[in-house]
Amino acid sequence: MVKVGRNDPCPCGSGKKYKACCMQKKQQTDIIPWPTFPEDFVISELLKSSPEFSAFYSAERRKITKPLNWVRDLSLPVGIDYRSTRLSNGTQVIRLRRVPAILENAMKIAHELQHLVLDYEGFVNTGAMVQYETVSSSLNSMIHDPLVNSRLKVYGFDLRQDYETELEETFRQLSNIPNSPTNPIGRVHWIFNYVGKILEWEVVCDKTNKDKNEFLLWFDERYPDIAKEAKDLITLVQNIGYYNPRKQIKLFKRIIEKYNLENILSM
């Protein structure tokens with residue numbers, strides 16, 4: 001976490017001392033533990049140089065009606081440069097490793113913003129205690145990311161390149177793991193992640209030209225037990241659907257019941 005002294009220049013770039021600028025805002029709210037930055041400063045390059053982001057921002061940003069805070073968070077996990085977060089009091093935060101955002105991350109920023117648009121539309125997220133946060137996060141991503149990406153696709157973002165980059169990183173991580181987890185929570189986490197990759201592929205891949213996904217084929221062969229359980233979950237997802245809030249709530253409840261997660265996850 002970055003600490004800013006009272007007399008240091010304010011991280012927002014206003015030219016004022018921290019104590020005369022954002023320190024006062026922080027004291028008023030006392031809820032955001034990261035340095036905050038003006039939104040136009042964070043995304044200025046994206047609006048100027050990315051037609052896709054500019055079109056997305058013009059159409060979607062107004063739907064986020066709650067105050068939105070843009071912060072630098074150097075404690076984000078390795079490989080995670082951006083994350084949208086809802087604090088316990090409802091405050092919405094976009095956490096970034098790098099400020100201002102660079103052009104190559106335009107779609108990632110749009111992705112995080114679109115998650116907050118889903119909040120506005122009434123889509124829900126599961127929650128969990130800290131020790132089960134990864135399971136909750138993987139379940140939310142499994143259901144929300146395909147929906148988010150289907151919307152970003154409308155604005156012309158190159159979803160496939162980003163998807164394949166993520167697959168390369170996942171393959172790198174799994175290459176040294178010969179067997180799937182044996183503990184129930186670990187297995188559920190893997191199942192959610194794998195089903196998420198399948199659902200995202202359905203969005204990313206052009207339906208008129210169904211390419212083979214080499215990673216999914218490799219995973220099926222390497223971890224057949226997880227792949228088999230994942231196919232059962234895919235059937236459940238397809239039968240209920242997830243493209244409106246009502247269906248998502250029903251789907252979350254059925255998944256939590258299916259994997260006996262009632263004492264771990266909340267809605």
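Model, not experiment: these values are computed from the prediction.
Using cut-offs of 30° and 60° on the angle between ring planes, the pair H115 and H111 is perpendicular. F56 and F53 have tilted rings, their planes meeting at an angle from 30° to 60° on a 0 to 90° scale.
Under the 3.5 Å distance criterion, the side-chain polar atoms of R61 are matched with a main-chain donor or acceptor of I64. Without hydrogens or angle criteria, Y163 side chain to K197 main chain gives a donor-acceptor distance under 3.5 Å. Looking only at distances, no side-chain donor or acceptor of R187 sits under 3.5 Å from a matching main-chain atom of T182.
A59 and Y155 make their closest contact through CB-OH, 3.3 Å (heavy atoms, listed as atom of the first residue, atom of the second, distance). Among all heavy-atom pairs drawn from W70 and L96, the shortest one is CE3-CD1, 3.9 Å. Closest approach of L147 and Q248 over heavy atoms only: CD2-NE2, 3.7 Å. Of all the heavy atoms in T65 and R62, the pair that sits closest is CG2-O, 4.1 Å. Between S50 and A106, the shortest heavy-atom distance links the atoms OG-CB, 3.9 Å. The two residues A128 and L265 make their nearest non-hydrogen contact at CB-CD2, 3.7 Å.
Checked against the 6.0 Å centroid criterion, the rings of F192 and Y259 qualify as a close aromatic pair.
By the 4.5 Å heavy-atom criterion applied to side chains, I109 and E112 are not counted as neighbours. Using a 4.5 Å heavy-atom cutoff, the side chains of P146 and Y242 are in contact. A heavy-atom distance below 4.5 Å is found between the side chains of S150 and Y243. Looking only at side-chain heavy atoms (C-beta outward), L174 and F219 come within less than 4.5 Å of each other. No side-chain heavy atom of D145 sits under 4.5 Å from any side-chain heavy atom of V203. Under the 4.5 Å side-chain criterion, counting only non-hydrogen atoms from C-beta, N149 is in contact with L152. For the pair W201 and R160, the minimum side-chain heavy-atom distance is below 4.5 Å. At a threshold of 4.5 Å between non-hydrogen side-chain atoms, the residues D73 and T85 do not count as touching.
A continuous path of ILVMFWY side-chain contacts below 4.5 Å connects V135 to I177, so both sit in one hydrophobic cluster. By the criterion of side-chain heavy atoms lying less than 4.5 angstrom apart, applied directly or through intervening Ile, Leu, Val, Met, Phe, Trp or Tyr residues, L159 is not grouped with L103; the two fall into different hydrophobic clusters.
More than 12 heavy atoms of other residues, nucleotides or ligands sit less than 6.0 Å from atom CG of N239. No more than 12 heavy atoms of other residues, nucleotides or ligands sit less than 6.0 Å from atom CD of E221. Around CD of E164, the count of heavy atoms belonging to other residues, nucleotides or ligands within 6.0 Å exceeds 12.
We find the OG-CG distance between S84 and L116 to be 5.0 Å, quoted to the nearest 0.5 Å. Taken from CG in L46 to NZ in K48, the straight-line distance is 10.5 Å, to the nearest 0.5 Å. One finds the OH atom of Y132 at 10.0 Å from the CG atom of L261 (value rounded to the nearest 0.5 Å). Atom CD1 of I234 sits about 6.0 Å away from atom CD of Q238, to the nearest 0.5 Å. One distance of note links CH2 of W34 with CG of L76; it measures 8.5 Å at 0.5 Å rounding. Taking CG of N213 as the reference point, atom CG of L217 lies at 7.0 Å (rounded to 0.5 Å).
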Chi angles and distances behind the side chain to side chain donor-acceptor pair (under 3.5 Å) call for T36, N69: CA-CA 7 Å; T36 61; N69 299 274; 6.0 Å; no
Worked verdict on E52 versus M107 for side chain to side chain contact (heavy atoms under 4.5 Å, CB included): CA-CA 8 Å; E52 297 84 3; M107 194 187 78; over 6 Å; no
Derivation of the salt bridge (charged side-chain N to carboxylate O under 4.0 Å, His left out) call for E202 and K153: CA-CA 12 Å; E202 291 297 314; K153 194 173 185 178; over 6 Å; no
Side chain to side chain contact (heavy atoms under 4.5 Å, CB included) between N105 and I102, worked out: CA-CA 6 Å; N105 293 130; I102 58 177; 3.2 Å; yes
Derivation and outcome, side chain to side chain contact (heavy atoms under 4.5 Å, CB included), residues F252 and N140: CA-CA 9 Å; F252 274 134; N140 290 327; 3.7 Å; yes
Criterion side chain to side chain contact (heavy atoms under 4.5 Å, CB included) on T170 and N193, from CA distance to verdict: CA-CA 10 Å; T170 303; N193 282 340; over 6 Å; no
Check against salt bridge (charged side-chain N to carboxylate O under 4.0 Å, His left out), K231 and D220: CA-CA 10 Å; K231 287 180 172 59; D220 285 357; 3.6 Å; yes
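Listed by chain and number, the residues in a ring-ring contact (aromatic ring centres under 6.0 Å, His included) with Y120 amount to none (sequence neighbours excluded). For F157, the ring-ring contact (aromatic ring centres under 6.0 Å, His included) criterion is met by no residue, not counting sequence neighbours. The ring-ring contact (aromatic ring centres under 6.0 Å, His included) test applied to H189 returns no partner, not counting sequence neighbours. For Y82, the ring-ring contact (aromatic ring centres under 6.0 Å, His included) criterion is met by no residue, not counting sequence neighbours. A search for side-chain hydrogen bond (donor to acceptor under 3.5 Å, both in side chains) contacts involving R222 returns nothing, not counting sequence neighbours. Partners of K63 according to the salt bridge (charged side-chain N to carboxylate O under 4.0 Å, His left out) rule, which considers only residues two or more places apart in sequence or in another chain, are E60.
Side chains of E133 and S137: a donor-acceptor N/O pair is absent below 3.5 angstrom, by distance only. Judged by distance alone, the side chains of Q114 and H144 never bring a donor and an acceptor atom under 3.5 Å apart.
In summary, of the residues considered (R95, K108, R98, R97), a salt bridge (charged side-chain N to carboxylate O under 4.0 Å, His left out) with D81 occurs for R97 alone.
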